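Structure first, then comments.
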Amino acid sequence: MRRKTIIAICLFLTGLLGLHGCGSPSSNYDSKYYADNLQDKETEGTLVYESSMELQYAENFSVDYYKDGYTMLTTTMDGQRFMVVPEGKEIPENMQEDIVVLQSPMKDLYLVASAVMDMFRELDGLNTITFSGQKEESWYIEEAKEAMANGDIIYAGKYSKPDYELLVSEGCTLAIENRMISHSPEVIEKLEDFGIPVMIEYSSYESHPLGRVEWIKFFGALLGKEEIAEQIFEEQVAILDKVSADEKTDQTVAFFFVTSNGLVQVRQSSDYVPKMIELAGGKYIFENLGDAETKRSTVNMQVEEFYNGAKNADFLIYNSSIDGGVASREALLDKCEVLADFKAVQEGNVWCTTNDMYQQSLSVGYLIEDIHAMLSGEKEDNMHYLFRLE
């Protein structure tokens, strides 16, 4: 008995030493995500946990590393796990059934989540994408348009109606979707029936704006380009650090869009756009608007309600990503004539986003910088995603 006790203590101490300095699995995942529960019992120990990716803002994914280059990607909102097997390595035997095994290097991806295209471009990973969920003319990312024009990326149907025959015949290895796919669960089922795994990215559910940007680390790990991803992310962090070092202002901002049926769409107070306004030194005009628990980003309101809430806002920013935007204050007033009474309109503080903002998923830092420049009255020449309406 004494001998067994000593052995048990030694094994316990050895385990502690093995964990020292490695860090724990990211996103506070417990031991079930260690290697001893990735495989069935008969192959326990084949995979050896080494470390986890450190995350600053993102809450909806984790990346864990195992000996010999194996990488586990987890989307924490749905618990999906993807084991990336390094080139030349064997696929671990008897992996648990819920784990999707992906063979590196990645190829023949079906990219439906449009916000991810910007990340793949910056990671020099467009060559891994063969299929697009958007047509050539729908892309604002020039490299994606060019790749489709050259036939390097082909249109394979939108998220709700993919071209299954094309995807199967051309050997699609993975479909990368956004949250919209939840409205078409039958598509996920059918893709998986055809042997095409589905990965859903949840960057839009991040509470901090830079949490969205940090998803480039997730896709950097998928492509084996973590160092490049880290560098890109740190560039955005540096922009935020520079802007947030300045004093805050009391200037208020309304961010809105006029719908085709005459309603005004604004952002929930918990959304990332109000957070960007705050980080830039301003104040979102609508406090405590919406229900954060619903995970919705927008709220529709009647013009009268918008008038009462935003008439005295110091700045108006029109969201052009839905309808292509407006080119002048006059064009904006044609959409909603009561805006003529707004303080910002009368003082010439009406701005518009560029059409490509939402496809530029790495724009967050630059947009915060633009908003900061707007609030500070700095020159407009160097802005990336905002312009003043004359």
Side-chain angles (χ1 to χ4, degrees), residues 38-40 60-63 71-85 91-120 125-139 141 144-145 147-148 151-205 215 218-219 221-223 294-297 358-359 361:
L38 299 181
Q39 299 170 284
D40 293 331
N60 294 320
F61 76 86
S62 66
V63 179
T71 302
M72 178 67 75
L73 307 177
T74 304
T75 49
T76 54
M77 287 198 71
D78 57 16
Q80 279 195 297
R81 295 183 288 172
F82 302 84
M83 174 61 74
V84 180
V85 178
I91 297 175
E93 296 181 357
N94 299 317
M95 293 294 293
Q96 289 187 354
E97 291 185 0
D98 67 313
I99 298 174
V100 176
V101 177
L102 302 174
Q103 188 73 58
S104 185
M106 296 297 129
K107 62 178 182 177
D108 297 324
L109 305 180
Y110 172 36
L111 184 58
V112 184
S114 58
V116 178
M117 183 67 83
D118 189 28
M119 298 185 182
F120 272 72
L126 289 187
N127 61 328
T128 66
I129 301 170
T130 302
F131 313 98
S132 169
Q134 294 212 55
K135 296 180 179 179
E136 178 186 340
E137 60 269 21
S138 298
W139 285 112
I141 298 173
K145 292 176 71 76
M148 295 195 75
D152 297 325
I153 299 177
I154 55 179
Y155 178 63
K158 62 181 183 178
Y159 78 94
S160 59
K161 196 174 181 180
D163 187 335
Y164 298 107
E165 183 177 355
L166 173 66
L167 293 171
V168 173
S169 64
E170 295 297 325
C172 177
T173 60
L174 175 69
I176 301 176
E177 306 271 357
N178 59 27
R179 198 66 180 87
M180 289 293 292
I181 195 64
S182 64
H183 300 298
S184 301
E186 71 282 358
V187 172
I188 297 178
E189 183 177 351
K190 197 164 184 179
L191 285 170
E192 291 177 343
D193 285 344
F194 282 126
I196 301 172
V198 176
M199 172 187 286
I200 303 174
E201 63 91 19
Y202 293 93
S203 63
S204 62
Y205 281 71
W215 272 78
F218 179 89
F219 292 106
L222 177 68
L223 302 182
T294 65
K295 299 295 184 181
R296 290 180 57 87
S297 61
Y358 284 108
Q359 284 188 12
S361 57

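Values in this document were obtained by computation on a predicted structure and should not be read as measured data.
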* For Asp98, check side-chain hydrogen bond (donor to acceptor under 3.5 Å, both in side chains) against everything at least two apart and list the hits. => Arg81
* List in chain and number order the residues that pass ring pair (Phe, Tyr, Trp, His ring centres under 6.0 Å) with Phe219, two or more places apart in sequence or in another chain; answer none if no residue qualifies. => Phe120
* Do Asp118 and Ile141 have side-chain heavy atoms sitting under 4.5 Å apart? -> yes
* Structure fact -> Here the side chain to side chain donor-acceptor pair (under 3.5 Å) pairs for residues 181-198, sequence neighbours left out, are Arg179-Ser182
* Structure fact -> Applying ring pair (Phe, Tyr, Trp, His ring centres under 6.0 Å) to Tyr155 and not counting sequence neighbours gives none
* Can you name the side-chain contact (heavy atoms from CB on, under 4.5 Å) partners of Asp163, sequence neighbours left out? -> Glu165, Leu166
* Structure fact -> Contacts of Ser160 meeting side-chain hydrogen bond (donor to acceptor under 3.5 Å, both in side chains) (sequence neighbours excluded), chain-then-number -> none
* To do: For the pair Thr76 (side chain) and Asn60 (backbone), establish whether a donor and an acceptor sit closer than 3.5 Å, ignoring hydrogens and angles.
  => yes
* **Any side-chain heavy-atom pair of Leu126 and Met117 under 4.5 Å** => yes
* **Evaluation steps, side-chain contact (heavy atoms from CB on, under 4.5 Å), between Ile181 and Val112** => CA-CA 9 Å; Ile181 195 64; Val112 184; over 6 Å; no
* Partners passing side-chain contact (heavy atoms from CB on, under 4.5 Å) against Val85 (at least two apart in sequence or in another chain) -> Tyr70, Met83, Lys89, Ile91, Pro92, Val101, Gln103
* To do: Only counting residues at least two apart or in another chain, list the ones meeting side-chain contact (heavy atoms from CB on, under 4.5 Å) with Val84.
  => Thr71, Leu73, Ser104, Met106, Leu222
* To do: Using the test side-chain contact (heavy atoms from CB on, under 4.5 Å), find all partners of Ala175 that sit at least two apart in sequence or belong to another chain.
  => Tyr110, Glu177, Leu191, Ile196, Val198
* State, to 0.1 Å, how close Trp139 and Ser132 come at their nearest heavy-atom pair, and which atoms those are. => NE1-OG, 3.2 Å
* **Any Glu201 side-chain heavy atom under 4.5 Å of Met119 side chain** => no
* To do: Starting from the C-alpha separation in whole Å, work towards a yes-or-no answer on side-chain contact (heavy atoms from CB on, under 4.5 Å) for Met72 and Ile99.
  => CA-CA 9 Å; Met72 178 67 75; Ile99 298 174; 4.0 Å; yes
* Do the non-hydrogen side-chain atoms of Val116 and Trp215 ever get within less than 4.5 Å of each other? -> no
* Structure fact -> Hits for ring pair (Phe, Tyr, Trp, His ring centres under 6.0 Å) against Tyr202, two or more places apart or cross-chain, chain-then-number order -> none
* Asked: With sequence neighbours left out, what residues match Ser361 under side-chain hydrogen bond (donor to acceptor under 3.5 Å, both in side chains)?
  -> none
* With Thr173 via side-chain hydrogen bond (donor to acceptor under 3.5 Å, both in side chains) - residues at least two apart -> none
* Could you give the distance from CG (Leu109) to CD1 (Ile176), rounded to the nearest 0.5 Å? -> 5.0 Å
